[in-house]
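What's counted below: heavy atoms across the whole structure, side chains too, no hydrogens, waters or symmetry copies. Start at 1 and go down the list; that is how both ligands and their atoms are numbered.
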Amino acid sequence: MAILLLGAQGQLGWELGASLSALGKVLHFGRKEADLSRLDELRKLVLTIKPRVIINAAAHTKVDQAEDEPELAGLINAEAPAMLASLAKELDAWLVHYSTDYVFDGTKDGVYTEDDATAPLNVYGQSKLDGDKAIMASGCRHLIFRTSWVFGHHGRNFPRTILELARQEDHFSIVADQFGSPTGVELISSVTALALNQAQRSDQNLSGLYNLVASGYVNWQEYAIYVVRRAIDLGWSLLADPDKIIPRSTEESGRKAVRPANSRLSTEKLTRVFGLTPPPWQYYVDRVLWAWTREYVAANPNPPKILGLKFIPPMNGAMSRS
Ligand SMILES: NC(=O)c1ccc[n+]([C@@H]2O[C@H](COP(=O)([O-])OP(=O)(O)OC[C@H]3O[C@@H](n4cnc5c(N)ncnc54)[C@H](OP(=O)(O)O)[C@@H]3O)[C@@H](O)[C@H]2O)c1
């Protein structure tokens with residue numbers, strides 16, 4: 001009775017592989033082995049494996065690109081999850097799925113709860129919302145974790161992009177009128193394992209939608225400044241001066257898909273039901289930066305060429321928060 005992990009090569013899927021292994025045998029499937037746009041093959045795969053848990057970390061996450069391919073986004077983010085939900089019901093399996101802050105229009109003053117009205121501003125958000133609704137209507141046992149601004153050690157994400165930029169430019173501008181909580185994949189995957197374990201053992205029906213983000217919030221510019229400052233603390237030699245990362249408006253950024261100005265999510269329900277309280281977002285940024293630094297140092301014992309480390313960072317104290 002295995003745990004089927006879909007999207008195993010994504011930044012969250014990669015981390016889930018490790019966290020879930022304490023719960024049972026995890027079968028890892030990336031896009032090549034399990035393509036969510038090929039529903040018939042996906043159905044056959046699930047019915048062959050007959051998992052007791054399906055974890056869906058796969059999604060069409062290219063938010064701007066989704067504006068040009070709404071059908072594909074709908075297929076991967078809504079139709080495939082709907083089919084997984086109906087298979088989970090048929091097999092009496094749990095389905096774990098991930099939702100997004102982009103289901104909201106961002107006009108609320110304050111944090112969004114699970115009960116707030118949704119109103120996506122872009123194709124990606126609408127397709128993800130359609131997936132959430134289909135799962136909730138299916139009657140299968142499910143956990144949907146709604147998260148935001150996801151980053152991890154593996155894959156493309158904001159901290160990685162900022163560090164690449166900071167190596168090349170001494171100053172740049174970043175959007176400062178969108179607020180949210182950067183959420184590390186380590187947090188999402190550990191909460192997934194803990195909550196799933198509780199839900200499977202509980203006499204109560206704990207199926208449902210739960211917001212899952214790190215605590216605290218920032219705008220993208222503040223987030224970028226934090227990443228660059230911490231990298232410099234760790235010994236990275238960057239061209240960018242954190243004081244020269246200046247604010248830019250959403251309008252000026254000219255992105256194809258419209259993004260919500262307020263992405264803040266309340267995790268009160270997660271704490272009330274599962275007794276889990278997310279730590280501050282900075283904790284996970286520090287861990288990722290430290291992991292990249294260690295990796296770089298291990299791979300480059302001689303004077304660094306690519307990142308330009310000024311010195312080998314100390315082992316102690318690097319994780320402390322200023
Ligand atoms: N990233 C964020 O900021 C964010 C924010 C809120 C919620 N979420 C949600 O969190 C979950 C995990 O996201 P993530 O950050 O880990 O995204 P990610 O790194 O982009 O991972 C998504 C994975 O899905 C794969 N995929 C795409 N199309 C597929 C298909 N047709 N069949 C099978 N796999 C396919 C991707 O493969 P390729 O790399 O080959 O495309 C990738 O490995 C998703 O449900 C996402 O909607 C993410």
Chemist: Test your reading of the structure: does Val150 have an N or O sitting under 3.5 Å from an N or O of ligand 1?
Modeler: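 The answer is yes, given that Val150 and ligand 1 share an N or O pair closer than 3.5 Å.
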Chemist: Could you tell me if the side chain of Lys32 sits less than 4.5 Å from the side chain of Gln9, heavy atoms only?
Modeler: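 No, every pair of side-chain atoms sits at 4.5 Å or beyond.
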Chemist: Tell me if the OH atom of Tyr217 is crowded by more than 12 foreign heavy atoms within 6.0 Å.
Modeler: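 Open: at most 12 neighbouring heavy atoms sit under 6.0 Å from OH of Tyr217.
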Chemist: With the threshold set at 4.0 Å, does a side-chain nitrogen-carboxylate oxygen contact exist between Arg229 and Asp241?
Modeler: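 No, this pair does not count.
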Chemist: Hey, are Asp92 and Arg141 close enough for a salt bridge, meaning a charged N less than 4.0 Å from a carboxylate O?
Modeler: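 So Asp92 pairs with Arg141 through a salt bridge.
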Chemist: Identify whether the distance between the nearest side-chain nitrogen and carboxylate oxygen of Arg156 and Glu164 falls below 4.0 Å.
Modeler: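 Between Glu164 and Arg156 there is a salt bridge, with a charged N closer than 4.0 Å to a carboxylate O.
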Chemist: Give me the residue, atom name and distance of the protein heavy atom closest to atom 19 (O) of ligand 1.
Modeler: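 Nearest neighbour among protein heavy atoms for atom 19 (O) of ligand 1, to 0.1 Å: Gln11 N, 3.0 Å.
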Chemist: Of the listed options (Ala58, Ser127, Gly125, Gly7), which comes nearest to atom 34 (N) of ligand 1 when hydrogens are ignored and any heavy atom counts?
Modeler: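 Considering heavy atoms of Ala58, Ser127, Gly125, Gly7, the nearest to atom 34 (N) of ligand 1 sits in Ala58.
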Chemist: Counting heavy atoms only, name the option from His60, Arg31, Gln9 that's nearest to atom 28 (N) of ligand 1.
Modeler: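 Nearest option to atom 28 (N) of ligand 1, by heavy atoms: Arg31.
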Chemist: Which ligand 1 atoms, with their elements, are less than 4.0 angstrom from a heavy-atom of Ile76?
Modeler: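 Ligand 1 atoms under the 4.0 Å threshold to Ile76: 28 (N), 31 (N).
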Chemist: Can you tell me if Glu252 has over 12 outside heavy atoms packed within less than 6.0 Å of its CD?
Modeler: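 Counting neighbours around CD of Glu252, more than 12 heavy atoms of other residues, nucleotides or ligands fall under 6.0 Å, so yes.
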Chemist: Just distances here: any N/O of Gly10 and N/O of ligand 1 closer than 3.5 Å?
Modeler: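 For ligand 1, there is an N or O atom that lies under 3.5 Å from one belonging to Gly10.
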Chemist: Taking only heavy atoms of Ala34 into account, list the atoms of ligand 1 that are under 4.0 Å away from them.
Modeler: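 It comes down to these atoms of ligand 1: 32 (N), 33 (C).
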Chemist: Would one find an N or O of Leu12, backbone or side chain, under 3.5 Å from an N or O of ligand 1?
Modeler: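 Such a contact does occur with ligand 1.
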Chemist: Output the list of atoms in ligand 1 that are nearer than 4.0 Å to some heavy atom of Ala57, sorted by atom number.
Modeler: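 Those atoms are 12 (C), 22 (C).
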Chemist: Write out the residue and atom name of the closest protein heavy atom to atom 24 (O) of ligand 1, then the distance separating them to 0.1 Å.
Modeler: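 Result for atom 24 (O) of ligand 1: Ala59 N, 3.2 Å.
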Chemist: Below 4.0 angstrom, N of the basic side chain to O of the carboxylate: do Asp101 and Arg146 qualify?
Modeler: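 Not counted as a salt bridge, because no side-chain N and carboxylate O are separated by less than 4.0 Å.
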Chemist: Under 3.5 Å between some N or O of ligand 1 and some N or O of Lys128?
Modeler: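 Lys128 vs ligand 1: N/O contact under 3.5 Å present.
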Chemist: Looking at Trp94, I want to see if its CH2 is surrounded by more than 12 non-hydrogen atoms of other residues, nucleotides or ligands under 6.0 Å.
Modeler: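 Yes - once you tally the heavy atoms of other residues, nucleotides and ligands closer than 6.0 Å, there are more than 12.
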Chemist: In sequence, state the C-alpha distance, the side-chain angles, and the governing distance for Lys256 and Asp68, and then conclude on salt bridge (Lys or Arg N to Asp or Glu O under 4.0 Å).
Modeler: CA-CA 9 Å; Lys256 188 152 201 167; Asp68 295 327; 2.9 Å; yes
Chemist: Does atom NZ of Lys269 have more than 12 heavy-atom neighbours from other groups under 6.0 Å away?
Modeler: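 Yes - once you tally the heavy atoms of other residues, nucleotides and ligands closer than 6.0 Å, there are more than 12.
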Chemist: Looking at side-chain heavy atoms only, is the closest gap between Leu72 and His60 below 4.5 Å?
Modeler: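 Contact flag for Leu72/His60 side chains = yes.
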Chemist: Report yes if Thr61 has an N/O atom closer than 3.5 Å to an N/O atom of ligand 1; otherwise report no.
Modeler: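 For ligand 1, there is an N or O atom that lies under 3.5 Å from one belonging to Thr61.
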Chemist: Kindly indicate, with the supporting measurements, whether the criterion salt bridge (Lys or Arg N to Asp or Glu O under 4.0 Å) is fulfilled by Asp233 and Arg230.
Modeler: CA-CA 5 Å; Asp233 288 349; Arg230 295 302 282 148; 2.6 Å; yes
Chemist: Does atom 39 (O) of ligand 1 have a protein non-hydrogen atom under 4.0 Å from it?
Modeler: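 When distances to the protein are checked, atom 39 (O) of ligand 1 has no heavy atom within 4.0 Å.
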Chemist: Heavy atoms only: which of Asp35, Ile144, Thr147 lies closest to atom 31 (N) of ligand 1?
Modeler: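 Looking at heavy atoms only, Asp35 sits closest to atom 31 (N) of ligand 1.
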Chemist: Going through the checks in order, is the ring pair (Phe, Tyr, Trp, His ring centres under 6.0 Å) test met by Trp220 and Phe158?
Modeler: CA-CA 9 Å; Trp220 293 107; Phe158 185 77; 4.8 Å; yes
Chemist: Need the ligand 1 atom indices (1-based, order shown) with element for anything under 4.0 Å from a heavy-atom of Tyr98.
Modeler: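 Answer, ordered by atom number: 10 (O), 11 (C), 45 (O).
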Chemist: Regarding ligand 1, does Tyr124 bring an N or O atom to under 3.5 Å of one of the ligand's N or O atoms?
Modeler: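 N/O-N/O distance below 3.5 Å exists for this pair.
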Chemist: Under 4.0 Å, counting heavy atoms only: does Lys62 come that close to any atom of ligand 1?
Modeler: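 A heavy atom of Lys62 does come that close to ligand 1.
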Chemist: Look at ligand 1 and say whether Ser37 reaches it with a heavy atom at a distance under 4.0 Å.
Modeler: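 For ligand 1, residue contact (heavy atoms, under 4.0 Å) with Ser37 is present.
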Chemist: Give a yes/no on ligand 1: does Ser99 have at least one heavy atom closer than 4.0 angstrom to it?
Modeler: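 Per 4.0 Å heavy-atom rule, Ser99 contacts ligand 1.
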Chemist: Looking at ligand 1, does any of its N/O atoms fall within less than 3.5 Å of an N/O of Leu36?
Modeler: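 Yes.
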Chemist: Ligand 1 and Thr100, any nitrogen or oxygen pair closer than 3.5 angstrom?
Modeler: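 Checking ligand 1 against Thr100, no N or O pair falls under 3.5 Å apart.
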Chemist: Can you sort out which atoms of ligand 1 are near Trp149, meaning under 4.0 Å from one of its heavy atoms?
Modeler: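 In order of number, 3 (O), 5 (C).
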